[in-house]
> 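Below is a structure I'd like to ask you about.
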Amino acid sequence: MTGIAVIGTGYWGKNHVRTYSELLSEGVIDKVVICDINKKRAKELGEVFRIDYITDYRKLLDDPTINGVSIVTPSATHFQLAKEMMEAGKDVLVEKPMTMSICQAEELVKVSENTGRILMAGHIFRYHPAVKELKQRIDLGELGSIRIMLSNRFSFGAPRKDMGVIYALGIHEVDIFCYLMNREMPLSILADTRCSLQPNIEETAIITMDFGDATGYAFESWMMPAYGKLRDLVVVGSEKIAKIDYLKPQELQIFDMRIAEQDLNDSMIFSVENEGSYIIPISYAEPLKEELYHFIECIRSRKNPLSDGTIGMRAVKMAEAALLSAKEGKKILF
Ligand SMILES: NC(=O)c1ccc[n+]([C@@H]2O[C@H](COP(=O)([O-])OP(=O)(O)OC[C@H]3O[C@@H](n4cnc5c(N)ncnc54)[C@H](O)[C@@H]3O)[C@@H](O)[C@H]2O)c1
């Protein structure tokens with residue numbers, strides 16, 4: 001029997017509820033309960049998906065029919081909820097950012113180790129089919145050695161009040177760059193931010209991550225209307241270049257191009273080799289469904305999640321470093 005609870009049914013939690021309700025109707029799980037302190041919201045969603053709702057998460061603590069909990073509440077509440085749930089014997093999937101401080105992230109990892117409960121961080125892009133395909137191709141050496149990673153996340157909308165773009169969006173990039181480079185952390189992080197609307201809540205940020213041979217650049221902004229909703233990633237290798245449009249999980253674009261180098265009488269000659277570009281089709285899978293399915297698999301098999309608590313903790317460390325770098329105007333070394 002696998003019973004799941006979703007705590008927090010706001011903008012993103014609704015997607016967890018919809019997806020678990022699909023997994024329920026497919027027979028993958030046996031029960032879903034939703035919990036939100038906003039009774040109207042919980043009731044309405046419960047009626048749409050015909051699932052039970054509660055408004056006090058403490059009722060879940062001694063409910064033996066619930067083994068796993070998705071925590072999709074505001075980030076500042078993740079720590080306390082995740083800690084209480086693990087101590088009560090529940091496995092947890094905590095949305096990103098896993099916590100809003102490094103100390104809290106470290107403590108959650110310890111609680112997970114001490115209780116033997118699964119702590120998974122909601123780093124959804126590790127479950128994105130195009131990212132998985134790209135990672136395989138990088139690991140096989142198809143792109144050559146990686147030189148540049150560039151990610152843009154632009155939109156135009158009201159900014160969040162609980163965190164800026166570094167914790168809300170950049171946390172994806174810092175994790176994905178490390179994932180693609182097979183590195184735990186970069187050598188350093190340098191960031192620049194702009195807070196035009198709220199003090200200390202940046203609505204634009206540029207993060208630079210140095211990996212030695214390669215550099216990752218992430219550009220995040222909620223004040224950039226010119227591109228529509230843009231979420232993309234370009235990886236420039238010495239042999240090929242790859243591009244992902246995160247909004248199209250079913251394709252990966254490859255540019256068969258490189259800068260060729262030739263040593264002519266001690267003088268380097270550079271030339272462009274361009275064999276064109278093509279799309280690699282990928283079977284469609286919704287990243288969130290892949291992520292929640294993986295959580296359920298981990299609950300059953302007790303295996304460590306692909307985005308475990310340590311990965312969530314490292315992402316928090318990198319986000320903190322980016323904020324510190326922007327504040328102090330200097331590179332943060334790891
Ligand atoms: N993985 C992603 O791509 C992604 C995307 C968006 C948001 N998120 C993350 O999801 C989390 C939620 O973000 P959101 O935009 O949905 O926020 P939101 O404010 O829209 O929703 C939060 C909900 O949690 C409820 N809540 C707060 N405290 C509670 C408690 N103690 N018990 C029960 N319910 C409680 C609120 O009533 C609200 O309905 C954040 O951590 C955010 O960073 C992740």
Side-chain angles (χ1 to χ4, degrees), residues 4-20 32-46 48 52-61 63 66 69-85 88 90 92-101 104-105 108 119-128 131 151 153 155 157-176 179 201-202 218 220 222 229 231 233 246-247 249 286-292 294-295 305-307 311-312 315-316 319:
I4 299 287
V6 179
I7 311 181
T9 60
Y11 162 72
W12 191 243
K14 278 192 298 218
N15 292 322
H16 279 242
V17 176
R18 171 186 50 78
T19 310
Y20 282 126
V32 182
V33 174
I34 59 179
C35 171
D36 202 300
I37 43 172
N38 181 329
K39 185 175 177 188
K40 185 169 173 282
R41 192 172 278 172
K43 184 170 184 285
E44 277 173 12
L45 209 60
V48 169
D52 290 341
Y53 74 89
I54 55 171
T55 54
D56 184 350
Y57 73 89
R58 287 171 298 189
K59 286 196 178 147
L60 299 167
L61 295 170
D63 181 342
I66 298 298
V69 181
S70 266
I71 299 175
V72 205
T73 51
S75 307
T77 65
H78 291 177
F79 170 72
Q80 193 56 39
L81 290 169
K83 186 169 181 288
E84 280 187 58
M85 288 296 152
K90 315 291 179 197
V92 295
L93 163 54
V94 187
E95 259 309 334
K96 61 85 217 166
M98 191 170 86
T99 61
M100 293 293 283
S101 82
Q104 290 181 342
L108 283 191
L119 171 62
M120 176 165 160
H123 283 284
I124 190 168
F125 291 97
R126 290 198 178 223
Y127 306 93
H128 191 290
V131 174
S151 201
R153 280 177 206 266
S155 60
R160 292 187 74 105
K161 292 193 164 170
D162 55 346
M163 57 186 155
V165 285
I166 289 185
Y167 261 117
L169 306 177
I171 197 117
H172 288 304
E173 266 66 63
V174 295
D175 177 54
I176 284 303
Y179 174 62
I201 298 194
E202 72 289 347
E220 325 283 352
W222 287 320
K229 184 175 174 178
R231 268 135 177 61
L233 166 70
Y246 283 122
L247 304 176
E286 188 191 348
L288 182 60
K289 195 160 181 180
E290 297 289 292
E291 178 188 301
L292 301 190
H294 181 67
F295 178 47
L306 290 173
S307 52
I311 282 170
V316 170

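Atoms within each ligand, like the ligands themselves, are counted from 1 in listed order.
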> Quick test of your reading of the structure: of Pro97, Gly8, Gly13, whose heavy atom lies closest to atom 24 (O) of ligand 1?
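Selected option, by shortest heavy-atom distance: Gly8.
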> Applying salt bridge (charged side-chain N to carboxylate O under 4.0 Å, His left out), can you list everything that pairs with Lys289, at least two apart in sequence or on another chain?
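Result, salt bridge (charged side-chain N to carboxylate O under 4.0 Å, His left out) vs Lys289: Glu22, Glu26.
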> Check step by step if side-chain contact (heavy atoms from CB on, under 4.5 Å) holds for Ile176 and Tyr246.
CA-CA 12 Å; Ile176 284 303; Tyr246 283 122; 3.9 Å; yes
> His16 vs Trp12 aromatic rings, parallel, tilted or perpendicular, using cut-offs 30° and 60°?
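His16 vs Trp12 ring planes: perpendicular.
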> Which of the atoms in ligand 1, numbered in the order shown and given with their element, are less than 4.0 Å from a heavy-atom of His172?
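The list of qualifying atoms is 3 (O).
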> Which of the atoms in ligand 1, numbered in the order shown and given with their element, are less than 4.0 Å from a heavy-atom of Arg41?
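Matching atoms, with element in brackets: 38 (C), 39 (O).
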> Do any nitrogen or oxygen atoms of Leu81 lie less than 3.5 angstrom from nitrogen or oxygen atoms of ligand 1?
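No, since none of the N or O atoms of Leu81 sits under 3.5 Å from an N or O of ligand 1.
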> Which atom pair, heavy atoms only, marks the closest approach of Tyr167 to Ser101?
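Heavy atoms only, the tightest pair is OH-N, 4.2 Å.
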> Compute whether any side-chain donor of one residue and acceptor of the other, for Tyr127 and Ser307, lie under 3.5 angstrom apart.
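Looking only at side-chain atoms, Ser307 and Tyr127 do form a donor-acceptor pair, the distance falling under 3.5 Å.
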> Quick test of your reading of the structure: of Arg160, Met98, Glu95, Gln80, whose heavy atom lies closest to atom 14 (P) of ligand 1?
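Residue with the shortest heavy-atom distance to the ligand atom: Arg160.
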> List ligand 1 atoms under 4.0 Å from His78, heavy atoms only on the residue side.
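Listed by number with element: 41 (O).
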> Among Ser75, Pro74, Ala76, Pro287, which one has a heavy atom closest to atom 22 (C) of ligand 1?
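That would be Pro74.
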> Going by the order shown, which atoms of ligand 1 are within less than 4.0 Å of some heavy atom of Ile7?
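Numbered from 1, ligand 1 contributes 32 (N), 33 (C).
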> Using a 4.0 Å cut-off to any heavy atom of Gly10, which atoms of ligand 1 qualify?
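Those qualifying, in numeric order: 16 (O), 20 (O), 21 (O), 23 (C), 39 (O).
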